[in-house]
Amino acid sequence: MYDWAVIEAWLEFAVRWTHVITAVAWIGSSFYFIALDLGLRRDRDMGMADGEEWQVHGGGFYHIQKYLVAPEAMPEHLTWFKWESYSTWLSGAAMLILVYWLGAELYLIDPEKADLAVWQGILISAVSLTIGWLVYDTLCKSKLGERPTTLMLLLFVLLVVMGWGYNQIFTGRAMMLHLGAFTATIMTANVFFIIMPNQRVVVADLKAGRKPDPKYGKIAKLRSTHNNYLTLPVIFLMLSNHYPLAFATQWNWIIAALVFLMGVTIRHYFNSLHARKGNPHWTWIVTLLLFIACAWLSTGPQFLPDEDAKEVELKGAALRFAKAEGFEEVHAIVMGRCSMCHAAEPFYDGILWPPKGVELETETQVARYARMIYLQAGRTHAMPPANVSYMEPEERAKIVEWYEAATRG
């Protein structure tokens with residue numbers, strides 16, 4: 001009853017939903033504990049306790065104390081915060097596979113930048129995520145671990161270089177998503193390889209009657225602080241695929257770099273506020289200026305390719321759709337009903353750039369976006385919006401027939 005394209009679309013929806021839910025849980029707990037730690041009151045001697053806080057929520061009062069190492073007696077019930085992070089990364093990895101690996105010819109590889117085979121693009125995607133963690137972890141374990149500011153600057157440089165590198169071979173959309181996945185991998189690896197093992201060492205020492213070494217808590221806190229500053233940029237990068245002004249520009253990697261700086265200024269404001277170290281309003285001015293710079297770069301001067309350059313040669317799935325029965329008729333339908341908006345220079349009133357960065361003016365473009373056309377205008381009536389170009393039911397049926405003819409081989 002349902003073909004694979006529909007099943008895959010619903011599977012993507014389910015995994016994306018899961019990813020958002022787990023990300024909310026992880027980010028929420030991370031922000032809460034950072035705010036709690038910074039806001040602890042340390043104005044009196046509490047023995048082994050480092051600080052305390054009274055909070056009210058949901059009609060109840062909570063008395064919270066923090067121990068730098070652990071209380072004298074290990075509590076019977078201890079809640080570990082780890083699955084939020086693991087679930088977010090795993091569901092994000094599933095999304096990466098479903099959208100960018102299975103749809104590599106459309107969403108991952110940009111043949112105008114690098115003529116890669118699908119397997120090559122997937123290999124680069126997978127290996128690059130691992131490299132980031134290895135480089136970052138090596139830096140943290142070096143003497144730079146004692147110089148947190150220098151370490152953060154080097155991490156910023158690493159992220160900028162990776163953004164530029166991704167943009168040399170992948171589509172703009174994939175560049176943003178992969179930079180987000182690159183950063184999120186570092187964050188989850190911090191939890192899995194550093195924070196949790198260090199906490200287990202402390203717990204094991206307590207159970208054995210040994211005094212835990214405070215260094216494990218110090219190391220874990222450094223990694224947790226890094227995660228705190230990286231969270232907001234990751235959210236931006238994950239949302240960017242909905243906004244072509246962010247990803248469909250030659251300067252997208254610079255926009256991404258500025259977003260990391262905005263993440264620092266925003267978190268600095270809230271961290272300072274929670275720690276009762278003043279109210280640094282200057283951070284909002286800097287954030288606003290950085291955001292304006294991103295907006296300017298999205299439509300700023302670009303080095304455009306020669307308009308007379310030949311189209312990229314079709315291959316793989318796109319070639320199959322271009323050769324399928326009914327393609328010429330579908331191309332004519334798309335040109336008549338869709339290209340007034342989905343063009344390099346749209347001429348429909350109120351549309352200043354192609355929605356989602358999708359251009360449907362040439363046969364090559366129609367063939368490459370076959371699955372999207374099929375789901376948006378064939379199986380559903382999502383496009384054109386409100387059917388403003390009056391696409392007829394017979395035309396939608398032609399799109400379905402063409403797509404199914406191609407997928408049947």
Side-chain angles (χ1 to χ4, degrees), residues 23-85 88 140 145-149 151-152 155 187-188 190-192 194-207 210-232 234-235 263-284 287:
V24 168
W26 184 18
I27 295 168
S29 62
S30 172
F31 280 7
Y32 171 74
F33 279 105
I34 288 290
L36 176 64
D37 184 70
L38 293 172
L40 287 172
R41 297 187 179 277
R42 300 174 173 87
D43 53 359
R44 66 184 180 86
D45 184 17
M46 290 173 286
M48 291 186 66
D50 178 53
E52 68 175 356
E53 180 74 12
W54 281 89
Q55 299 182 355
V56 59
H57 181 74
F61 294 87
Y62 301 81
H63 183 207
I64 304 165
Q65 291 185 322
K66 175 190 174 180
Y67 293 81
L68 285 176
V69 178
E72 294 180 359
M74 175 60 64
E76 182 179 352
H77 300 290
L78 186 63
T79 301
W80 296 75
F81 290 85
K82 56 182 179 178
W83 291 111
E84 298 92 338
S85 172
T88 301
C140 288
E146 301 295 327
R147 301 167 61 186
T149 301
L151 185 59
M152 282 292 289
L155 176 57
M187 295 170 65
T188 299
N190 273 338
V191 176
F192 185 80
I194 303 298
I195 297 174
M196 294 307 300
N198 284 12
Q199 290 177 340
R200 291 191 186 99
V201 169
V202 172
V203 171
D205 284 343
L206 286 169
K207 289 182 177 180
R210 298 186 297 268
K211 182 178 180 180
D213 191 335
K215 74 175 184 179
Y216 294 107
K218 181 180 178 181
I219 294 172
K221 185 174 180 179
L222 175 66
R223 302 299 183 100
S224 180
T225 301
H226 290 171
N227 284 5
N228 176 247
Y229 280 102
L230 293 174
T231 299
L232 295 180
V234 169
I235 296 174
V264 172
T265 56
I266 294 172
R267 288 311 303 163
H268 178 71
Y269 173 82
F270 284 104
N271 290 344
S272 299
L273 199 65
H274 294 146
R276 305 181 186 89
K277 293 183 178 179
N279 198 343
H281 293 294
W282 63 266
T283 57
W284 291 109
T287 302

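For the numbers below, each heavy atom of this structure counts, side chains included, while hydrogens, waters and symmetry mates do not. Note that the structure is a prediction, hence the values are computed from the model and not measured.
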Would you say the side chain of [Y] lies within less than 4.5 Å of the side chain of [X], judging by non-hydrogen atoms?
{"X": "Asn279", "Y": "Tyr269", "value": "yes"}
{"X": "Ser224", "Y": "Ile34", "value": "yes"}
{"X": "Lys277", "Y": "Leu38", "value": "no"}
{"X": "Tyr229", "Y": "Leu155", "value": "no"}
{"X": "Gln199", "Y": "Met196", "value": "yes"}
{"X": "Thr188", "Y": "Thr88", "value": "no"}
{"X": "Arg267", "Y": "Phe31", "value": "yes"}
{"X": "Arg223", "Y": "Asn198", "value": "no"}

Which heavy atom in [X] sits nearest to a heavy atom in [Y], and how many Å separate them?
{"X": "Glu84", "Y": "Ala25", "answer": "CG-CB, 3.8 Å"}
{"X": "His274", "Y": "Ala35", "answer": "ND1-CB, 3.4 Å"}
{"X": "Thr265", "Y": "Thr283", "answer": "O-CB, 3.4 Å"}

I need the [X] [atom1] to [Y] [atom2] distance, nearest 0.5 Å.
{"X": "Gln55", "Y": "His63", "atom1": "CD", "atom2": "NE2", "result": "10.5 Å"}
{"X": "Trp54", "Y": "Gln65", "atom1": "CH2", "atom2": "CD", "result": "9.5 Å"}
{"X": "Lys66", "Y": "Leu40", "atom1": "NZ", "atom2": "CG", "result": "6.5 Å"}
{"X": "Asn190", "Y": "Thr225", "atom1": "CG", "atom2": "OG1", "result": "10.5 Å"}
{"X": "Phe270", "Y": "Leu232", "atom1": "CZ", "atom2": "CG", "result": "8.5 Å"}
{"X": "Ile195", "Y": "Lys221", "atom1": "CD1", "atom2": "NZ", "result": "12.5 Å"}

Exercise. Quick check: are there more than 12 heavy atoms from other residues, nucleotides or ligands sitting under 6.0 Å from CZ of Arg147?
Worked result: no
Problem set entry | Over 12 non-hydrogen atoms of neighbours within 6.0 angstrom of NE2 in His57 | no
Exercise. Can you name the side chain to side chain contact (heavy atoms under 4.5 Å, CB included) partners of Leu151, sequence neighbours left out?
Worked result: Leu139, Cys140, Leu144, Leu222, His226
For this session: Taking Asn227 for its side chain and Met187 for its backbone only, find out whether a donor-acceptor pair lies under 3.5 Å.
Result: yes
Exercise. With distance as the sole test, does His268 use its side chain to make a donor-acceptor pair with the main-chain N or O of Val264 at under 3.5 Å?
Worked result: no
